[in-house]
> 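One structure, as C-alpha cells, below. Some questions next.
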Amino acid sequence: MSQFKVVVTDYNYHTFAPEKEVLEQMGIELTLEQCQTEDEVIERCHDADAILNQYAPISRKVIENLPNLKIVARYGIGFNTVDLDAATERGVVVSNVTDYCLDEVSDHAMALLLSSVRKVTLMNNEVKNGNWDYKVAIPIYRMRGSTLGLIGFGNIPQRLTEKAQAFGINVIAYDPFVPEEVAESMNVQLAELDTLYEQSDYVSVHLPLNEHTEKLVSHDAFKKMKEHAFIINTARGPVIDEDALVEALENGEIAGAGLDVLETEPIPEGHPFLNMDQVILNPHSAFYSVESEAELKRKAAQNVADVLSGYFPTYLVNQDVKDHVDLKEK
C-alpha cells in the first residue's frame, strides 16, 4: 500500500488510465470524488497528500483544512479555482499543464470565428427548419484583408495567428507582457486595448481569469468596436461582462459572438444568449480532443508524481513556493 493518498476532487472524464499509468509506478491508487463545495472537498480530501482538481473550489479554507496536502495539480491551463496565496503560505505546490491543447483551442477559436463570420451555424439551422435562402445571413463580409484583434498573445493566440493569417487576415494583439520582437517575428502589431477594439473586425479573448481581467471586456469595449465586429471567447467566461455583451448585441453595437465559455456554466435556463441567432454557444469544449485529454491527464499526474518523489513539477504555477518547501529541481 502506498504511503501517499491522491484524490481527484471532481471530474467529467470517463477514464483515468493515463493517471493510473503514471501513479501506479509509485504504488498509488487514485481516489475519485465528485466535490462541488469547499466543505465537500475538506470532508473527502482531509487526509490527501495530493489532489487532482478540475472545477471544485480549492480556497484558503480548503487548503488550511488539508494538513497533509503537498500539491494541487490542476487539470488544465487556468488555475482560478485555487487560492495561490494560501497555497504558497502553506507550502503547497500548485501545478497546471500549459501546453496540452494549443492546437485544439486555437482551432476551436478559428472555427467559431469562421462560423460566425460566414454565418454557417445560422444558415444550417435555417435550412433544417425548411428555409432554403442564403439571404437570411446577409450581410457577410470578405475575410481576406480584415483584422483580427487578440486580447492576450500567449501560446494559444500565437497558434491562432498562423491560422488566421493563412486566410489573409491581418492580426494585431494586446499583451503588455509580450516583447515587441516576439510579435514582430510573427508579423503582428502590438496595440493598446482601445486601438484594438477600434481597428478589429473580429476580437478573440485569450486571457486567464483574475482580479485584473474579470469583466475586462465590458460596455466601453463594445461601444468602441465596429458594428460588424464579432467577439470570440475560448478563454474564461467572466473576462467578458455578459450583461454588457447582451446589451451590445441587442443594440446592434456588434454583430455577434462565438462563445465556448460563459460566466456561469452550464448556461442558466432563460439566458438571453439562448434566443440570439447571432450568438454561437459551445459547452466549454475547445480544449478537447482524444489526444489532448490523454496528454493533459498524463502530465497532471506526472506533476503529482514529481512532488511526491521530492521534485518540483515541470509545470509549477506558484514559483514563490520554492521558499517554503524542500524539493529538488529535476
Side-chain angles (χ1 to χ4, degrees), residues 1-84 86-88 90-101 208-209 236 265 284 287-318 321 325 327 330:
M1 184 174 180
S2 172
Q3 59 178 314
F4 298 117
K5 182 173 182 179
V6 179
V7 181
V8 178
T9 60
D10 60 307
Y11 60 93
N12 54 13
Y13 303 122
H14 69 281
T15 177
F16 288 87
E19 294 95 327
K20 291 177 181 178
E21 183 179 348
V22 172
L23 296 174
E24 283 177 355
Q25 297 179 38
M26 299 178 64
I28 295 174
E29 292 186 11
L30 280 177
T31 300
L32 306 181
E33 300 290 354
Q34 287 287 24
C35 307
Q36 295 185 350
T37 67
E38 294 173 309
D39 290 339
E40 288 176 346
V41 177
I42 292 169
E43 177 187 352
R44 300 173 191 176
C45 305
H46 64 93
D47 56 349
D49 295 282
I51 56 179
L52 285 153
N53 169 253
Q54 192 168 22
Y55 302 123
I58 312 301
S59 63
R60 178 176 291 275
K61 176 182 175 182
V62 169
I63 292 168
E64 291 180 348
N65 281 279
L66 303 183
N68 298 338
L69 189 62
K70 301 169 181 63
I71 176 173
V72 178
R74 278 280 299 120
Y75 282 122
I77 297 173
F79 41 84
N80 51 289
T81 60
V82 186
D83 188 320
L84 288 185
T88 301
R90 300 281 295 191
V92 175
V93 170
V94 179
S95 68
N96 61 351
V97 183
T98 58
D99 58 0
Y100 81 100
C101 61
L209 177 62
R236 288 291 183 266
E265 298 175 359
H284 201 147
F287 70 93
Y288 176 74
S289 72
V290 171
E291 295 86 353
S292 69
E293 183 176 286
E295 182 182 7
L296 168 66
K297 292 159 76 63
R298 183 177 66 254
K299 288 182 174 179
Q302 188 61 54
N303 285 334
V304 169
D306 288 344
V307 171
L308 297 185
S309 299
Y311 296 95
F312 287 108
T314 300
Y315 305 91
L316 176 62
V317 174
N318 54 338
V321 80
V325 295
L327 296 173
K330 288 198 291 185

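Sequence positions, counted from 1, serve as the residue numbers for this chain.
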> Looking at Val92, Asp49, Val93, which hits side chain to side chain contact (heavy atoms under 4.5 Å, CB included) with Val307?
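When Val92, Asp49, Val93 are each tested with Val307, the side chain to side chain contact (heavy atoms under 4.5 Å, CB included) holds only for Val93.
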> What are the two closest non-hydrogen atoms of Asp306 and Thr314, and how far apart are they?
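So the two residues come closest at OD2-N, 3.8 Å.
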> Do the side chains of Val94 and Val321 get nearer than 4.5 Å, heavy atoms only?
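Not touching, per the 4.5 Å side-chain cut-off.
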> For the residue pair Gln54 and Thr81, what are the closest heavy atoms and their distance?
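For Gln54 versus Thr81, the nearest heavy atoms are O-CG2, 3.9 Å.
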> Measuring from atom CG of Asn96 to atom CG of Asn53, what distance do you get when rounded to the nearest 0.5 angstrom?
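One finds 11.5 Å between CG of Asn96 and CG of Asn53.
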> Before you tell me yes or no, could you show the steps for Val82 and Val317 under side chain to side chain contact (heavy atoms under 4.5 Å, CB included), namely the whole-Å CA-CA distance, both residues' side-chain angles and the distance that decides it to 0.1 Å?
CA-CA 11 Å; Val82 186; Val317 174; over 6 Å; no
> Give, for atom CD of Glu38 and atom CD1 of Ile63, the distance between the pair rounded to the nearest 0.5 Å.
10.0 Å
> Could you grab the distance from atom OH of Tyr75 to atom CG of Leu296, nearest 0.5 Å is fine?
7.5 Å
> Let me confirm one number: the CG-SG distance from Asp10 to Cys45, rounded to the nearest 0.5 Å.
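SG of Cys45 is found 9.0 Å from CG of Asp10.
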> Can you tell me how far the CD1 atom of Ile51 sits from the CZ atom of Arg74, to the nearest 0.5 Å?
10.5 Å
> Assess whether a salt bridge exists between Lys61 and Asp83, defined as any Lys/Arg side-chain N lying under 4.0 Å from an Asp/Glu carboxylate O.
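No, this pair does not count.
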> Counting only pairs under 3.5 Å, give me each side-chain donor-acceptor contact of residues 23-36, with atom names and distances, residues two or more places apart or in other chains.
from: Gln25; atom 1: NE2; to: Glu21; atom 2: O; distance (Å): 3.2
from: Gln34; atom 1: OE1; to: Tyr11; atom 2: N; distance (Å): 3.0
from: Gln34; atom 1: NE2; to: Tyr11; atom 2: O; distance (Å): 2.8

> Closest approach of Ala305 and Ser309, non-hydrogen atoms and distance?
O-OG, 2.7 Å
> Who pairs with Tyr315 by side chain to side chain donor-acceptor pair (under 3.5 Å), at least two apart in sequence or on another chain?
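By the side chain to side chain donor-acceptor pair (under 3.5 Å) rule, Tyr315 matches Asp99, Lys299.
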> Testing the basics here: between Leu69 and Ala50, what is the closest heavy-atom pair and its distance to 0.1 Å?
CD1-CA, 4.0 Å
> Roughly how far, to the nearest 0.5 Å, is OG1 of Thr9 from CD1 of Ile58?
5.0 Å
> Taking all heavy atoms of Ala56 and all of Val41, pick out the closest pair and write down the distance.
CB-CG2, 4.0 Å
> Measure across Gly91 and Val325 and return the closest heavy-atom pair with its distance rounded to 0.1 Å.
O-CG1, 3.1 Å
> Classify the ring geometry of Phe287 against Tyr100: parallel below 30°, tilted from 30° to 60°, perpendicular beyond 60°.
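Geometry flag for Tyr100 against Phe287: tilted rings.
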> Show the numbers, then the answer: is there a side chain to side chain contact (heavy atoms under 4.5 Å, CB included) between Glu64 and Arg60?
CA-CA 6 Å; Glu64 291 180 348; Arg60 178 176 291 275; 3.4 Å; yes
